[in-house]
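First the structure, in the form of C-alpha cells, and then the observations on it.
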Amino acid sequence: MDPISRLIRSARPEGAVDVRCLLAGTHVLDNPPGVAGQVPFHLLLNGHCVAEIGDRAIDLRAGDVLILPRAARHRVRVVADGPPLPAERHSGGSVTTLRSDDTAAIDLFCGHYTYQPGPGELLFAGLPDIVHASFGRGPGSPLHPLGELMRNEAALDAPGTGALLASLCEALLVLALRGDGRGAPSTANLVMPWTALTDASLRAVVDAVVNEPQRRWTIASLAHIAGVSRATLVRRFSTATGTGVAEFLTRTRMMIAADLLTATSRSLDDIAASVGYRSPSAFGKAFRTTTGTTPSRLRRYAAENGR
C-alpha cells in the first residue's frame, strides 16, 4: 500500500449521503453547522450552484466537489432560470431525495463524513477550511464513473444501497484530496499538502516520513532524500504545501500513533518508539500539543466507544 493510502485508510472516515437534490428553478439550501465528528460535503453532477461560507462564495459547476472540514454553517444557492418549483422530499430505504420535477437541472448530492477522535480527527484537522476540487464532466473526467455509480445506486435504492453509497463517498474523498490525476492538484493550495505534491523530490520526502516514522529525521537528512539543500527543501516544501517540514513530520507521526493507539494494544512506550520518540514523555507532550488530548485518554475513549 502506498504511503498516502496508508494514512487515509488509517483515518477510517465513514461517508454517507444525506439527501440527493434534483431541483429546477432557483433554490437556497441552508445548512446548519455540522455536529462534532462530522464533515459535510457536496457533489454537483449537473447544473450550477454557489456555496456561501461566511464571506466566501464558491462557484460550483458540474463535476465539482466541496468538502468543509470545519463543518461551518453554509448555504448552497441553486443558479437556474425561472422561479423555484416546489420541491417534495421523498424518503426511500437508503436515500432521501428532494425533487422538483422530472426536468430538474440540478443534480446535487449532499452528505457527510463521520470520524472518531484519533487519526480521522487529525486527517480533517490537517485540511484547510474549504476543499474545492473541480473535475469537469463527461467520460474524460476521473469523477465520471464514480458519479454515474452514485446516480444509479441512488435511483435504484435497493437493499445494500446505503453500504455501496458509503463506499463511493469514501472514494470521492480520496479523489478530491488526491487531485485531478493529471499531474497537478485539482485546486491549488486547497487540498491536503501530502496528497497534492507533484514534485518528485518532495514526494520522496513524504514517502520516507510515512514509511519510516521511527527514524530520527532531520531537515538535513530529509534534504538528502530530496537531493537538495536544507534551505531549498524548507522553501520548496512550504511553497508547495503551505506547511513546514517539521510540522508535517510531527503531524504525520501523530496520525500514525493515533491509529496504533486506537487499533492495537501495543504499549505506549512501543508506540512512542515506533514514531521516532525515545522518550514516552516527549511523545506524550507532542501528542497532546497536536491533538489536544493524551495518548491514554484517546485509547480509553476508543475502547469505551467500540473502536
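All figures in this text were calculated on a predicted structure; none of them were measured in a lab.
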Cluster overlap L22 with L45, hydrophobic side-chain contacts below 4.5 Å: no
Distance-only polar pair, side chains of S267 and D269, donor-acceptor under 3.5 Å: no
Do W217 side-chain atoms and A246 backbone N/O form a donor-acceptor pair below 3.5 Å? no
Could you verify whether a donor N or O on one side chain and an acceptor N or O on the other, from T293 and T291, lie under 3.5 Å apart? no
For H42 and H132, test the side chains for any donor-to-acceptor distance below 3.5 angstrom and give the result as yes or no. no
Please examine the side chains of P13 and F124, heavy atoms only from C-beta on, and report whether any two atoms are closer than 4.5 Å. yes
Say whether L156 and L165 are linked into one hydrophobic cluster, either directly or through other cluster members, by side-chain heavy-atom distances under 4.5 angstrom. no
Compare all side-chain heavy atoms of V17 with those of M150 and state whether any distance is below 4.5 angstrom. yes
Pair S221, R216: side-chain N/O donor-acceptor within cut-off below 3.5 Å: no
Side-chain ion pair, D259 and R9, N-O less than 4.0 Å: no
Please determine which of I256, L249, T252 meets the side-chain contact (heavy atoms from CB on, under 4.5 Å) test together with P213. I256
Got a sec, which residues hit salt bridge (charged side-chain N to carboxylate O under 4.0 Å, His left out) with E148, two or more places apart in sequence or on another chain? R151
Under 3.5 Å, is there a donor-acceptor pair linking the side chains of E153 and T161? yes
Side-chain donor-acceptor contact under 3.5 Å, D30 with H74: no
Side-chain donor-acceptor contact under 3.5 Å, R6 with N211: no
